Chemist: 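Encoded as structure tokens, here's the structure I'll be asking about.
Here the structure is a predicted model, which means the values were calculated and not measured.
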Amino acid sequence: MALGNVNRSMKNRIGYLPEDRKKEGLVLSMNISDNVSLPHIDTFSRLGFVDHRRELQEVERLTKRLRVKAPSIESITAGLSGGNQQKVAIAKWLARSCDLLIVDEPTRGVDVGAKAEIYQLLDEVTCQGLAVLMISSELPELLSLSRRIIVMREGFVTGELPYDRFSQESVLNLMA
């Protein structure tokens, strides 16, 4: 199945957190609430009308769960720290109830505290049954969060490592 179409991917319950959250993952001029509900506004709509109360309840629930630090869910996303912007980008896919979440460089440009929170969140959602495919150039991130690592170079798989064979050396060998 080709997944190049966003609507088709969403219908197949696949979410994608892009590497560049500012250009591709969020609408920075919109508030937190609108960003979170954007990909699934249809779930809050009936006969073309949005149930704003239900929408706001879901956004509040998710922003609390992800510990988004902002004055309110009406705060403009551009004014948030990088880590909080990333949490908003993650929240919109959690609200969509995806079966697979593809995260590309999930902690790029966020501080150490936000990294730890994002790591904890990704671990939580995988324990709850969400499949997460992580693309990362940070080796410690891969080694600590993954259950299996597949190394690719120039578009081809060079090897696969199960959890019990993880080490920096084994990954670097596959990369070389």
Side-chain angles (χ1 to χ4, degrees), residues 1-28 32 35-36 38-40 62-63 65-69 77-78 80-176:
M1 163 178 58
L3 297 175
N5 179 295
V6 174
N7 288 330
R8 187 177 320 132
S9 295
M10 286 176 29
K11 283 180 184 171
N12 285 301
R13 300 173 54 96
I14 298 171
Y16 175 63
L17 184 70
E19 179 177 353
D20 189 341
R21 71 178 166 271
K22 291 182 179 186
K23 290 182 182 173
E24 300 171 347
L26 297 167
V27 181
L28 294 175
I32 294 168
N35 266 290
V36 172
L38 189 63
H40 58 95
L62 285 165
T63 55
R65 178 180 175 201
L66 275 66
R67 295 182 292 279
V68 175
K69 293 171 187 79
T77 310
L80 302 176
S81 69
N84 285 301
Q85 287 178 358
Q86 191 71 326
K87 290 178 197 177
V88 169
I90 293 169
K92 75 180 189 181
W93 294 114
L94 295 182
R96 182 74 192 180
S97 298
C98 297
D99 292 328
L100 169 65
L101 178 61
I102 302 168
V103 294
D104 191 351
E105 301 290 349
T107 60
R108 176 162 291 158
V110 303
D111 65 38
V112 175
K115 274 188 184 191
E117 288 181 323
I118 292 168
Y119 291 163
Q120 180 182 1
L121 173 68
L122 291 174
D123 191 52
E124 276 177 32
V125 296
T126 56
C127 289
Q128 294 168 357
L130 176 66
V132 175
L133 182 121
M134 182 172 48
I135 302 163
S136 180
S137 56
E138 293 192 35
L139 196 50
E141 185 170 86
L142 289 170
L143 293 171
S144 66
L145 291 175
S146 302
R147 303 295 177 262
R148 178 172 57 146
I149 295 176
I150 297 173
V151 178
M152 295 182 73
R153 186 178 59 239
E154 297 178 16
F156 295 97
V157 173
T158 60
E160 179 179 337
L161 295 169
Y163 183 75
D164 62 349
R165 292 191 36 228
F166 282 10
S167 72
Q168 284 192 358
E169 183 179 344
S170 59
V171 175
L172 291 173
N173 285 335
L174 291 173
M175 291 171 65

Chemist: I'd like to check the side-chain hydrogen bond (donor to acceptor under 3.5 Å, both in side chains) partners of Asp111; sequence neighbours left out, ordered by chain and number.
Modeler: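 side-chain hydrogen bond (donor to acceptor under 3.5 Å, both in side chains) list for Asp111, sorted by chain: empty.
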Chemist: My understanding is that only residues two or more places apart in sequence, or in another chain, count here; which of them pass side-chain hydrogen bond (donor to acceptor under 3.5 Å, both in side chains) with Ser81?
Modeler: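 Listed in chain order: Asn84.
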Chemist: State which residues pass side chain to side chain contact (heavy atoms under 4.5 Å, CB included) with Arg153; sequence neighbours excluded, sorted by chain then number.
Modeler: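 In terms of side chain to side chain contact (heavy atoms under 4.5 Å, CB included), with neighbours along the sequence ignored, Arg153 is linked to Thr158.
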Chemist: With a 4.5 Å cut-off on side-chain heavy atoms, are Val132 and Ile102 touching?
Modeler: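 No, their side chains stay 4.5 Å or more apart.
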Chemist: Of all the heavy-atom pairs spanning Pro18 and Glu24, show the shortest one and how long it is.
Modeler: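 Pro18 and Glu24 have their closest heavy atoms at CB-OE1, 3.4 Å.
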Chemist: Partners of Val112 by side chain to side chain contact (heavy atoms under 4.5 Å, CB included), sequence neighbours excluded?
Modeler: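 For Val112, no residue satisfies side chain to side chain contact (heavy atoms under 4.5 Å, CB included) once neighbours in sequence are set aside.
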Chemist: Name all pairs fulfilling the salt bridge (charged side-chain N to carboxylate O under 4.0 Å, His left out) condition that reach into residues 139-152, sequence neighbours left out, sorted by first residue then second.
Modeler: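 Qualifying pairs: Asp123-Arg147, Arg148-Glu160.
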Chemist: State the CE-OH distance between Met134 and Tyr119, to the nearest 0.5 angstrom.
Modeler: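 The OH atom of Tyr119 is 7.5 Å from CE of Met134, to the nearest 0.5 Å.
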Chemist: Would you mind listing every ring-ring contact (aromatic ring centres under 6.0 Å, His included) that reaches into residues 157-176, with sequence neighbours excluded?
Modeler: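 Found Tyr163-Phe166.
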Chemist: Is the backbone N or O of Leu26 less than 3.5 Å from a side-chain atom of Asn35, with the two atoms forming a donor-acceptor pair by type?
Modeler: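 It does not hold such a pair.
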Chemist: I need the Lys69 NZ to Thr63 OG1 distance, nearest 0.5 Å.
Modeler: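 Rounded to the nearest 0.5 Å, the NZ-OG1 separation comes out at 12.0 Å.
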Chemist: Decide yes or no for Leu28 and Gln85: does some side-chain heavy atom of the first lie under 4.5 Å from some side-chain heavy atom of the second?
Modeler: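 Sidechains of Gln85 and Leu28: in contact.
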Chemist: Does the side chain of Leu94 reach to within under 4.5 Å of the side chain of Leu121, using non-hydrogen atoms?
Modeler: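 Side-chain contact under 4.5 Å: yes.
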Chemist: Tell me if the CD atom of Gln128 is crowded by more than 12 foreign heavy atoms within 6.0 Å.
Modeler: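 More than 12 heavy atoms, drawn from other residues, nucleotides or ligands, come within 6.0 Å of this atom.
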Chemist: Which residues pass the side-chain hydrogen bond (donor to acceptor under 3.5 Å, both in side chains) test with Lys115, sequence neighbours left out?
Modeler: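 Lys115 satisfies side-chain hydrogen bond (donor to acceptor under 3.5 Å, both in side chains) with Glu138 only.
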Chemist: Output the distance between atom OG (Ser136) and atom CG (Asp104), rounded to the nearest 0.5 Å.
Modeler: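 CG of Asp104 is found 8.5 Å from OG of Ser136.
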Chemist: Determine the minimum heavy-atom distance between Ala114 and Gly83, stating which atoms define it.
Modeler: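 For Ala114 and Gly83, the tightest heavy-atom pair comes out as CB-CA, 3.7 Å.
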Chemist: Can a donor-acceptor pair be found between the side chains of Ser137 and Glu105 at a distance below 3.5 Å?
Modeler: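 Indeed, the side chains of Ser137 and Glu105 share at least one donor-acceptor pair under 3.5 Å.
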Chemist: Mind checking salt bridge (charged side-chain N to carboxylate O under 4.0 Å, His left out) for Asp99 and listing every partner two or more places apart, or none if nothing turns up?
Modeler: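 In terms of salt bridge (charged side-chain N to carboxylate O under 4.0 Å, His left out), with neighbours along the sequence ignored, Asp99 is linked to Arg13.
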Chemist: With rounding to the nearest 0.5 Å, note down the distance linking CD1 in Ile150 to CG in Leu133.
Modeler: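 Result: 8.0 Å between the selected atoms.
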Chemist: Ser144: what forms a side chain to side chain contact (heavy atoms under 4.5 Å, CB included) with it, not counting sequence neighbours?
Modeler: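 Scan of Ser144 (side chain to side chain contact (heavy atoms under 4.5 Å, CB included), adjacent residues dropped) gives none.
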Chemist: With sequence neighbours excluded, tell me which residues meet side chain to side chain contact (heavy atoms under 4.5 Å, CB included) with Leu172.
Modeler: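 Expected list: Leu139, Met175.
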Chemist: Under a 3.5 Å distance rule, please check whether Trp93 uses its side chain to pair with a backbone N or O of Tyr16 as donor and acceptor.
Modeler: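 Between the backbone of Tyr16 and the side chain of Trp93 there is a qualifying donor-acceptor contact (under 3.5 Å).
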Chemist: With a 4.5 Å limit on heavy-atom distance, are the side chains of Leu101 and Val125 in contact?
Modeler: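 SC-SC contact between Leu101 and Val125 ruled out.
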Chemist: Return the set of residues passing side-chain hydrogen bond (donor to acceptor under 3.5 Å, both in side chains) with Arg165 (not counting sequence neighbours), or none when no residue passes.
Modeler: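 side-chain hydrogen bond (donor to acceptor under 3.5 Å, both in side chains) list for Arg165, sorted by chain: empty.
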Chemist: Any idea which heavy atoms bring Ala91 and Leu66 closest together, and the distance?
Modeler: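 Scanning both residues completely, I find the closest heavy atoms to be N-CD2, 3.7 Å.
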Chemist: Show the numbers, then the answer: is there a side chain to side chain contact (heavy atoms under 4.5 Å, CB included) between Leu174 and Met152?
Modeler: CA-CA 8 Å; Leu174 291 173; Met152 295 182 73; over 6 Å; no
Chemist: Could I get the full list of salt bridge (charged side-chain N to carboxylate O under 4.0 Å, His left out) partners for Lys22, not counting sequence neighbours?
Modeler: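 In terms of salt bridge (charged side-chain N to carboxylate O under 4.0 Å, His left out), with neighbours along the sequence ignored, Lys22 is linked to no residue.
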Chemist: Which heavy atom of Ala89 sits nearest a heavy atom of Gly25, and at what distance?
Modeler: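 Of all heavy-atom pairs spanning Ala89 and Gly25, the closest is CB-O, 4.4 Å.
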Chemist: Taking side chain to side chain contact (heavy atoms under 4.5 Å, CB included) as the criterion, tell me which of Ile118, Leu122, Leu145 meets it with Thr107.
Modeler: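 By the side chain to side chain contact (heavy atoms under 4.5 Å, CB included) criterion, Thr107 pairs with just one of Ile118, Leu122, Leu145: Ile118.
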Chemist: Is any side-chain heavy atom of Cys98 less than 4.5 Å from a side-chain heavy atom of Leu130?
Modeler: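 Yes. Closest side-chain heavy atoms under 4.5 Å.
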Chemist: For the pair Leu17 and Gln86, evaluate side chain to side chain contact (heavy atoms under 4.5 Å, CB included) and give the outcome as yes or no after the intermediate values.
Modeler: CA-CA 9 Å; Leu17 184 70; Gln86 191 71 326; 3.8 Å; yes
Chemist: Is Thr77 close to Val27 at the side-chain level, that is, under 4.5 Å between some pair of heavy atoms?
Modeler: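 No, side chains not in contact.
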Chemist: Quick one: does Lys87's side chain have a donor or acceptor within less than 3.5 Å of a partner on Arg67's backbone?
Modeler: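 Judged by distance alone, yes, a pair lies under 3.5 Å.
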